[in-house]
Every structure is written in C-alpha cells, then in structure tokens.
Amino acid sequence: MNPDPDYSAAYLTICTDTEDPADAGTSLVFTIGRGNDVQSAAIRALEPHVIGRDVEEVLADLGGMQKELDGDSQLRWLGPETGVMAMAIGAVVNALWDLRARREGRPLWLTLAMLDPEEILDLVDFRYLTDALTREEAREILQHGAEGREERIAAVRAHGVPAYTTTPGWLGYSDEKLRRLLREARDDGFEMVKLKVGADVDDDVRRLALARAEMGEGFPIAVDANQRWDVAEAIEWLNRLAPHDPYWIEEPTFPGDVLAHAAIRRGVGPLQVATGEQGANRIVFKQLLQAGAIDVLQLDATRVAGIGENVANLLLAAKFGVPVCPHAGGVGLCEMVQHLAFFDAVAIGGEDPRRRIEFVDHLHEHFEVPVRVERGAYRAPEEPGGGARMLEASVRDHEFPGGVVWSGEPA
C-alpha cells in the first residue's frame with residue numbers, strides 16, 4: 001500500500017519566553033514523504049491558539065486545550081477530528097505534554113500515572129462516547145487502577161513491558177535473511193515476531209511455513225497486511241495461512257471499515273484481528289469495540305489528536321476487555337508510544353499479560369533518549385519528557401530542504 005516510503009516527520013518545538021532554551025516542548029508527526037508539507041502547514045494553522053498564551057494556565061488544563069483545538073470550527077470543517085488536522089492537534093498537544101513533563105522532571109508516563117482519576121477524566125472528551133463509555137464507568141476503571149499504583153510502578157520499572165519485533169518480517173528478504181533475523185530475535189529475548197503479508201499468497205504461505213519451522217509450534221508469529229484486502233479476499237488469504245497458526249492478522253482491510261473488520265473476524269476465527277495504527281479517533285475505536293470487530297487495539301502516538309484522545313482509547317479498551325498493543329513502526333514512534341503503554345500498565349489496563357509494544361530497530365540513534373529494549377522488553381524511560389526530542393545534529397542534518405543529507409552541503 002505504501003510503495004514509496006520516505007520515512008519522515010513534521011517536527012514541532014514549542015518554546016517559552018524564559019531565558020532557558022531547554023524550557024520547550026517537542027513532538028513529531030510521522031509521515032512518509034511529501035505529506036510533511038501538508039502536515040507542517042496544518043500545525044502552523046494552529047499557531048493562533050498557542051502563541052502568547054500563559055504557559056502555566058495552558059499546562060494546568062491540557063484537556064481543555066485539546067478540546068479548544070478540536071473545537072476550532074473553521075479547521076474542524078476539514079475533519080472533523082480526523083486526518084491531517086487531528087494529527088496536527090496531536091502534535092501541539094503532545095508537545096505541551098512534553099513541556100509539562102520536563103518542567104515536572106518526570107518521564108511522561110509517570111506524569112500521567114501520578115494524576116488522580118478526576119484529572120485523567122478531565123483529559124477526555126466524552127462527547128460521542130457515552131453510548132459505550134460514560135464518565136462514571138471510566139472513573140470506576142481509574143479508581144480500580146489507582147489501587148496498587150505504587151506497586152505497579154515498581155513492577156514496570158523492574159521488568160518493563162514485553163515487546164514484539166517486526167525486524168525479521170519485511171517483504172523482500174531472502175529466506176536465509178529471514179531465518180537469521182528470526183533466530184536473532186529469539187536469542188534477544190523476544191517472545192513474539194511479526195511478518196508482513198499481502199503481496200503474493202503462495203509466497204506468504206511459504207514464508208510463514210518457514211518462520212513456523214524456525215520458531216517452533218506455539219511461538220506467536222503475527223502477520224500484517226497493511227490494508228491490502230477486501231473482505232472475501234482477506235478471508236480466503238488468511239484461511240490459506242491458517243495451517244501455520246498466525247497469532248493475529250493486522251490491518252487486513254481499510255482501517256475505518258468497522259463492518260469489514262467484523263466480517264473478517266467472523267470468517268477467520270479463532271485467528272485474532274488487530275488494527276489501530278491508522279485509527280483516526282476515539283469514535284472509530286469505540287465502534288470497532290462495540291461491533292466486536294477486533295481482538296487487539298493498536299493505538300499510535302501521532303495518528304490521533306494527542307494524549308487525551310489516546311487516554312480515551314485506553315479507557316475504551318479496558319471497558320471492552322481488549323488488550324492494547326501499540327504501533328511503533330516509524331520515526332520516533334517507539335520512543336513516544338512506550339509512554340502510553342507504561343501509563344496503561346500502571347493506571348488503566350494493569351498487568352495484562354497480552355500487552356506487547358511493537359519494536360522496530362531503526363532510527364533510534366537520532367533521539368536524545370533512545371528507546372531501551374532488553375531481553376525482549378521495553379525498559380521504563382526515566383528521563384524527563386515524552387520521548388520525541390531529537391539530537392540537534394540530526395535535526396540540522398536532515399531538515400528539508402537545507403540539511404546536508406538533502407543538499408550535500410553543511411546546513
């Protein structure tokens with residue numbers, strides 16, 4: 001579906017008027033090329049809501065700030081609450097959360113986890129959700145999560161959150177390379193891997209059989225189609241793969257087609273259906289869960305309108321008993337989405353053994369606080385902030401169009 005990927009990001013820094021240049025919040029929106037031009041323009045369209053505002057007032061009510069940005073009627077007309085504008089709002093909101101966490105001297109996941117239930121509820125816009133999740137139901141989830149919070153914080157710091165790796169499974173690898181990367185993943189402690197599928201059914205059957213032989217019976221091997229199929233095609237294709245016991249099918253069809261996901265799930269059970277990396281907003285996730293269309297919710301750190309929207313998604317998943325296994329294949333997504341997963345593990349979803357975070361081993365060297373994965377698990381970040389801040393040299397060298405990697409000349 002994405003034959004011309006140029007891994008990129010619209011990169012945002014919100015500065016204050018203090019004398020400290022470090023008093024700033026950073027976020028990014030992952031794209032794959034020319035979409036950056038559109039995404040950056042959308043972020044700039046939100047400047048009137050941000051420039052000149054009192055920092056402390058804004059940081060004290062980030063739920064209100066997100067609702068204000070969502071409520072800009074002229075920009076909302078482009079959505080509403082979806083697509084490029086929602087992602088732009090997410091960039092601004094996530095940068096403000098990064099600033100707040102830095103001012104508190106905490107990693108973002110801990111800043112969120114230390115909020116009391118009412119403060120967390122104030123981050124969520126319950127409009128359009130109350131037929132599936134009321135504020136009172138969400139309060140019960142959070143009050144339950146507040147019990148034993150300190151013990152769970154200690155547990156995630158000690159043991160991390162389990163990861164799975166997509167590194168072995170990209171299309172186009174030779175059989176030898178696939179086997180080698182699968183062995184390396186197992187040796188590194190990963191207890192689940194994922195293969196891309198959808199280009200050629202016979203080749204997919206062969207590759208999955210090869211992976212199953214390498215990893216052994218019972219080892220979780222997920223497959224990811226990146227939206228390739230219609231319903232009938234998905235069911236036929238996945239039934240061809242079924243003898244090799246795939247763990248889940250990710251993004252089998254159009255990401256917002258709730259009924260198609262439900263039909264596929266009925267047609268391929270007990271194979272699990274997973275989606276969410278391009279889920280546009282809390283309403284799409286609500287419908288997927290209401291319809292019994294997914295077994296795994298895969299939220300993304302930069303696809304929706306910020307932290308509050310993803311808190312809503314986490315609460316919805318908890319209400320419906322569905323595990324959250326975040327998407328992390330892209331620029332900075334591992335660094336950012338881990339904070340949502342650690343917050344979920346502490347305050348909402350608890351110690352759900354089905355929870356895993358995707359891990360892709362690339363581009364981490366460009367970030368001030370690169371993700372740490374040890375023995376197949378994400379280790380809790382302890383440095384202040386939300387994870388998106390890149391090294392100054394990486395930003396300088398890669399900024400389009402003047403960076404040295406584009407121009408061939410030092411910026």
Side-chain angles (χ1 to χ4, degrees), residues 2 4-13 21-22 24-33 35-36 39-40 91 94-95 98 101-102 107-109 160-170 172-173 177 180-185 187-190 193-194 196 277 300-302 326-342 356-411:
N2 302 306
D4 302 306
D6 185 353
Y7 271 32
S8 315
Y11 187 74
L12 170 66
T13 302
T26 303
S27 69
L28 57 81
V29 179
F30 169 56
T31 79
I32 59 166
N36 272 311
Q39 190 64 66
S40 296
N94 291 343
D98 180 67
R102 289 177 182 277
L108 176 60
W109 68 268
V161 172
Y164 75 88
T165 180
T166 306
T167 297
W170 299 101
Y173 286 171
K177 184 171 183 178
R180 174 174 59 80
L181 292 175
L182 288 168
R183 289 193 295 270
E184 289 176 0
D187 292 345
D188 288 340
F190 290 101
V193 297
K194 188 170 77 181
K196 299 289 185 176
E277 69 179 78
D300 181 276
T302 73
H327 168 247
V331 178
L333 297 186
C334 293
E335 280 73 17
M336 295 177 70
V337 83
Q338 63 179 332
H339 290 273
L340 293 165
F342 277 95
R356 291 179 169 94
I357 313 173
E358 183 177 22
F359 175 68
V360 180
D361 190 15
H362 59 221
L363 303 175
H364 306 300
E365 68 274 13
H366 296 293
F367 289 85
E368 285 191 358
V369 183
V371 68
R372 291 187 300 127
V373 172
E374 299 172 0
R375 299 183 300 280
Y378 275 73
R379 313 306 298 182
E382 298 292 351
E383 298 83 354
R389 187 173 292 187
M390 299 177 74
L391 298 171
E392 289 184 11
S394 291
V395 175
R396 182 188 65 241
D397 291 347
H398 291 83
E399 186 174 9
F400 182 83
V404 64
V405 300
W406 299 102
S407 67
E409 298 293 337

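Predicted, not measured: the structure shown is a model, and the values here were computed from it. Position 1 is the first residue of the sequence; numbering continues from there.
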Exercise. With sequence neighbours left out, what residues match His366 under side-chain hydrogen bond (donor to acceptor under 3.5 Å, both in side chains)?
Worked result: Ser394
For this session: Walk me through it: do Val331 and Tyr11 pass the test side-chain contact (heavy atoms from CB on, under 4.5 Å)?
Result: CA-CA 10 Å; Val331 178; Tyr11 187 74; over 6 Å; no
For this session: Applying salt bridge (charged side-chain N to carboxylate O under 4.0 Å, His left out), name anything that partners Arg375, two or more places apart in sequence or on another chain.
Result: none
Exercise. Quick one: CG on Leu28 to CE on Met336, what's the gap to the nearest 0.5 Å?
Worked result: 5.0 Å
Problem set entry | Partners passing side chain to side chain contact (heavy atoms under 4.5 Å, CB included) against Ala24 (at least two apart in sequence or in another chain) | Thr13, Cys15, Arg389
Exercise. If we only count heavy atoms from C-beta on, is the Leu182 to Val193 side-chain gap below 4.5 Å?
Worked result: yes
Exercise. Take atom CD in Glu392; do more than 12 heavy atoms of anything else shown fall under 6.0 Å from it?
Worked result: no
Exercise. Does some side-chain heavy atom of Tyr378 sit less than 4.5 Å from a side-chain heavy atom of Arg372?
Worked result: no
For this session: Answer yes or no: is there a side-chain heavy-atom contact under 4.5 Å between Leu181 and Trp170?
Result: no
Exercise. Can you name the residues that form a side chain to side chain contact (heavy atoms under 4.5 Å, CB included) with Glu399, not counting sequence neighbours?
Worked result: none
Exercise. Looking only at heavy atoms, what is the nearest atom pair of Phe367 and Gly387, with distance?
Worked result: CD2-O, 3.7 Å
Exercise. Looking at NZ of Lys194 and OG1 of Thr167, how far apart are the two atoms once the value is rounded to the nearest 0.5 Å?
Worked result: 10.5 Å
For this session: Could you pull out the closest heavy-atom pair between Ala341 and Ile357, with the gap in Å?
Result: CB-CD1, 3.4 Å
Exercise. Would you find a donor on one side and an acceptor on the other, under 3.5 Å apart, between the side chain of Asn94 and the backbone of Ala301?
Worked result: yes
Problem set entry | Minimal non-hydrogen separation, Leu12 against Ala91, with atom names | CD2-O, 3.5 Å
Problem set entry | Partners meeting salt bridge (charged side-chain N to carboxylate O under 4.0 Å, His left out) with Glu184 (sequence neighbours left out) | Arg180
Exercise. Mind checking whether Phe342 and Trp109 have parallel, tilted or perpendicular rings, split at 30° and 60°?
Worked result: tilted
Exercise. Is there a donor-acceptor pair under 3.5 Å between the side chain of Asp98 and the backbone N or O of Gly385?
Worked result: no
Seminar exercise, completed: Minimal heavy-atom distance between Thr165 and Ala185, with the atoms involved, is CG2-CB, 3.7 Å
For this session: Determine the minimum heavy-atom distance between Ser8 and Gly33, stating which atoms define it.
Result: OG-N, 3.5 Å
Problem set entry | Any donor-acceptor N/O pair, Glu358 side chain to Pro326 backbone, under 3.5 Å | no
Problem set entry | Contacts of type side-chain hydrogen bond (donor to acceptor under 3.5 Å, both in side chains), residue His362, not counting sequence neighbours | none
Exercise. With a 4.5 Å limit on heavy-atom distance, are the side chains of Lys196 and Thr166 in contact?
Worked result: yes
For this session: Work out which heavy atom in Glu365 is nearest to a heavy atom in Leu391; give both atom names and the distance.
Result: O-CD1, 3.4 Å
For this session: May I ask you to check whether His398 and Tyr7 place their ring centres under 6.0 Å from each other?
Result: no
Exercise. Do side-chain atoms of Thr302 reach the backbone of Val29 as a donor and acceptor pair under 3.5 angstrom?
Worked result: no
